[in-house]
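For reference, the structure discussed in these notes is given below.
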Amino acid sequence: MTKEKTQWKVFLEVISVLQWVMSFLFLGLGCSILMVYLMFTSLWPLPTLYFIWLVMDWNTPEKGGMKTRFVRKWKVWEHMRDFFPVKLVKTAELDSKKNYILGCHPHGIMSAGAFTCFSTESCGFTELFPGVRVTLAILAGLFRLPLFREYIMCAGLSPVSKPSLAHLLSQSGKGNAVVIVIGGAAESLASSPGINTVVMKQRKGFVRVALEFGADLVPVYSFGENELFQQVIFSDGSLGRRLQDLFKKIMGFAPCLFVGERMAIMPYRTPVTTVVGSPISVPKRATPTEEEVDHYHKLYMDALTDLFHKHKVSCGLSESHKLRII
């Protein structure tokens with residue numbers, strides 16, 4: 001029998017999710033504006049010293065970031081987990097003597113499942129997969145934003161760039177699991193309740209990296225991710241879609257027009273179940289051929305499809321739901 005939540009618990013959950021949403025939307029921009037503003041005040045030495053430090057520390061994110069990950073253990077993430085709730089499901093063992101690339105789908109609007117399961121300790125990844133160190137790789141441009149870069153590095157996040165992935169998969173020993181939200185910005189534009197679309201037919205870079213470093217591929221699907229927000233989806237070729245694509249090309253992420261359950265930006269209280277599939281064994285190839293990349297890319301797509309259909313009913317979808325890969 002489910003224990004009824006107290007008003008205080010509900011309040012903590014709402015505040016925890018609200019701060020996460022506000023951080024996702026505004027913290028990076030706010031930090032940048034603050035540092036520029038301080039340059040024109042009597043406190044100008046502080047941002048000046050920081051910018052000098054920023055130049056000296058420019059490549060740290062691509063070299064594993066900060067050693068501390070204390071942000072991952074904040075109590076606030078447990079309240080955020082309980083808001084939806086978010087659940088992490090293990091279907092197979094991950095050997096701590098190997099390295100892995102976990103492809104997470106779908107992106108959704110804010111990737112709540114990926115963040116909660118892989119960038120915090122609230123869903124118990126360490127207990128489910130002992131000896132495996134997980135790192136969520138995100139848009140590299142976010143690590144160029146002053147102050148914000150320190151915050152996300154403290155959360156254990158890394159850039160999804162080739163130097164960063166190479167460091168995590170070759171310089172940090174074994175037992176590393178790098179999580180990449182494969183569909184990225186393009187997939188976020190397809191996020192809407194009732195839709196299960198993933199963008200990956202032409203996304204083969206992660207497979208090439210897996211082959212170069214001999215990292216096994218693991219499909220991951222977050223059921224419920226697309227149900228958290230209602231989005232205005234513009235048709236292909238429309239002015240709205242052309243503007244979104246232009247912004248995505250310039251900035252690296254897409255401006256989604258979405259609305260939530262409350263205050264426009266609060267997500268719906270919909271369960272998110274992130275299912276980690278079985279690893280696909282990948283050989284190490286210094287210079288993988290296109291045929292090898294295509295072969296393991298197809299194996300991955302087939303494994304993702306199987307994972308979706310095997311768990312869709314238990315995760316709240318009907319038997320008629322299909323996975324669309326574009």
Practice task
Please answer: with hydrophobic residues joined when any side-chain heavy atoms are less than 4.5 Å apart, are I265 and F84 in the same cluster?
Solution key: yes
Problem - Lys/Arg N to Asp/Glu carboxylate O, E78 vs K73, below 4.0 Å - result: no
Problem - Nearest-0.5 Å distance that lies between atom CD in Q230 and atom CD1 in I109 - result: 10.0 Å
Exercise for the section: Check the angle between the aromatic planes of W77 and W74 and answer parallel, tilted or perpendicular using the 30° and 60° thresholds. Expected result: parallel
Practice task
Rounded to the nearest 0.5 Å, what's the gap from OG on S191 to CG on N196? Could you check?
Solution key: 10.0 Å
Practice task
Find out whether I138 and F143 are in side-chain contact, i.e. whether some heavy atom of one side chain is under 4.5 Å from a heavy atom of the other.
Solution key: yes
Exercise for the section: Mind checking the CZ-OG spacing from F115 to S222? Nearest 0.5 Å is all I need. Expected result: 13.5 Å
Problem - Side-chain touch Y50/E150, heavy atoms, less than 4.5 angstrom - result: yes
Practice task
Apply salt bridge (charged side-chain N to carboxylate O under 4.0 Å, His left out) to R72 and E121, showing your working.
Solution key: CA-CA 6 Å; R72 292 175 60 93; E121 294 295 337; 3.0 Å; yes
Practice task
Check whether any side-chain N or O of E187 sits under 3.5 Å from a backbone N or O of V199 as a donor-acceptor pair, and report yes or no.
Solution key: yes
Practice task
Decide yes or no for V179 and V220: does some side-chain heavy atom of the first lie under 4.5 Å from some side-chain heavy atom of the second?
Solution key: no
Problem - Close side-chain approach of K298 and D302, heavy atoms under 4.5 Å - result: yes
Practice task
Show the numbers, then the answer: is there a side-chain contact (heavy atoms from CB on, under 4.5 Å) between I325 and M301?
Solution key: CA-CA 8 Å; I325 299 179; M301 288 194 296; 3.9 Å; yes
Problem - Closest approach of Y221 to P106 (non-hydrogen atoms, all atoms of both residues) - result: CZ-CD, 3.7 Å
Handout entry: Sequence neighbours excluded, every pair satisfying ring-ring contact (aromatic ring centres under 6.0 Å, His included) that has a member inside residues 161-198
Key = none
Practice task
Can you see which heavy atom on S96 is nearest to which on V132, and at what distance?
Solution key: CA-CG2, 4.2 Å
Handout entry: Parallel, tilted or perpendicular, as decided by the 30° and 60° cut-offs, for the rings of F11 and W8
Key = parallel
Handout entry: Chi angles and distances behind the side-chain contact (heavy atoms from CB on, under 4.5 Å) call for M80, V86
Key = CA-CA 8 Å; M80 176 179 164; V86 180; over 6 Å; no
Handout entry: side-chain contact (heavy atoms from CB on, under 4.5 Å) assessment of F70 paired with C154
Key = CA-CA 6 Å; F70 73 95; C154 286; 3.7 Å; yes
Practice task
Write down the atom of V218, the atom of Y100, and the distance for their closest heavy-atom approach.
Solution key: CG2-CD2, 3.8 Å
Practice task
Could you tell me whether the side chain of R269 and the main chain of F83 form a donor-acceptor pair under 3.5 Å?
Solution key: yes
Problem - Heavy-atom donor-acceptor pair, D216 side chain to A210 backbone, under 3.5 Å - result: no
Problem - Euclidean distance, Y300 OH relative to F206 CZ, rounded to 0.5 Å - result: 5.0 Å
Problem - Side-chain (E227) to main-chain (G194) donor-acceptor, under 3.5 angstrom - result: yes
Handout entry: N176 backbone acceptor or donor facing N99 side chain under 3.5 Å
Key = yes
Exercise for the section: List the atom of P219, the atom of L307, and the distance in Å for their closest heavy-atom pair. Expected result: O-CD2, 3.6 Å
Fill in the blank from the handout: Members sharing M56's hydrophobic cluster, built from side-chain contacts under 4.5 Å between Ile, Leu, Val, Met, Phe, Trp and Tyr, are I52
Exercise for the section: Using a cut-off of 6.0 Å, state whether more than 12 heavy atoms not belonging to K312 lie near its atom NZ. Expected result: yes
Problem - Cluster link Y268 to V17, ILVMFWY, side chain under 4.5 Å - result: no
Problem - Neighbour count above 12 (heavy atom, 6.0 Å) for Q202 CD - result: no
Practice task
Side-chain contact test, heavy atoms from C-beta onward, threshold under 4.5 Å: evaluate it for V198 versus F308 and give yes or no.
Solution key: no
Handout entry: Side-chain heavy atoms of P283 within contact of L211, under 4.5 Å
Key = yes
Practice task
Just do the side-chain contact (heavy atoms from CB on, under 4.5 Å) check on L25 and M110 with the steps written out, would you?
Solution key: CA-CA 9 Å; L25 295 176; M110 298 185 188; 4.0 Å; yes
Problem - Main-chain N/O of W58 paired with R144 side-chain donor or acceptor, under 3.5 Å - result: yes
Problem - Side-chain donor/acceptor of E225 to backbone N/O of A112, under 3.5 Å - result: yes
Problem - Spacing of L136 atom CG and I152 atom CD1 [to the nearest 0.5 Å] - result: 10.0 Å
Problem - ILVMFWY cluster, F223 and V181 together (side-chain gap under 4.5 Å) - result: no
Handout entry: Joint hydrophobic cluster, L12 plus W20, side-chain heavy atoms closer than 4.5 Å
Key = no
Handout entry: Ion pair K9/E13, N-O distance below 4.0 Å
Key = yes
Exercise for the section: May I ask you to check whether over 12 heavy atoms, not counting those of F51, lie within 6.0 Å of atom CZ? Expected result: yes
Practice task
Would you mind reporting whether V134 and F129 have side-chain heavy atoms less than 4.5 Å apart?
Solution key: no
Problem - Transitive ILVMFWY side-chain link V276 to V178, under 4.5 Å - result: no
Handout entry: Check: K5 side chain, D82 main-chain N or O, donor-acceptor pair, under 3.5 Å
Key = yes
Problem - Backbone N/O of V160 and side chain of S164: donor-acceptor pair under 3.5 Å - result: no
Problem - Side-chain heavy atoms of R149 within contact of L54, under 4.5 Å - result: yes
Exercise for the section: Identify the two heavy atoms, one from G184 and one from R203, that lie closest to each other, and give their separation to 0.1 Å. Expected result: N-NH1, 4.1 Å
Exercise for the section: Could you grab the distance from atom CD1 of I33 to atom CZ of F26, nearest 0.5 Å is fine? Expected result: 10.5 Å
Problem - side chain to side chain contact (heavy atoms under 4.5 Å, CB included), paired with E291, selected from D294, T289, V293 - result: T289
Completion exercise
For T305, the side-chain hydrogen bond (donor to acceptor under 3.5 Å, both in side chains) test, sequence neighbours excluded, returns none
Completion exercise
For S16 and V76 the tightest heavy-atom approach is OG-CG2, 3.2 Å
Practice task
Measure from the side-chain N and O atoms of N226 to the backbone N and O of P193, and report whether any donor-acceptor pair falls under 3.5 Å.
Solution key: no
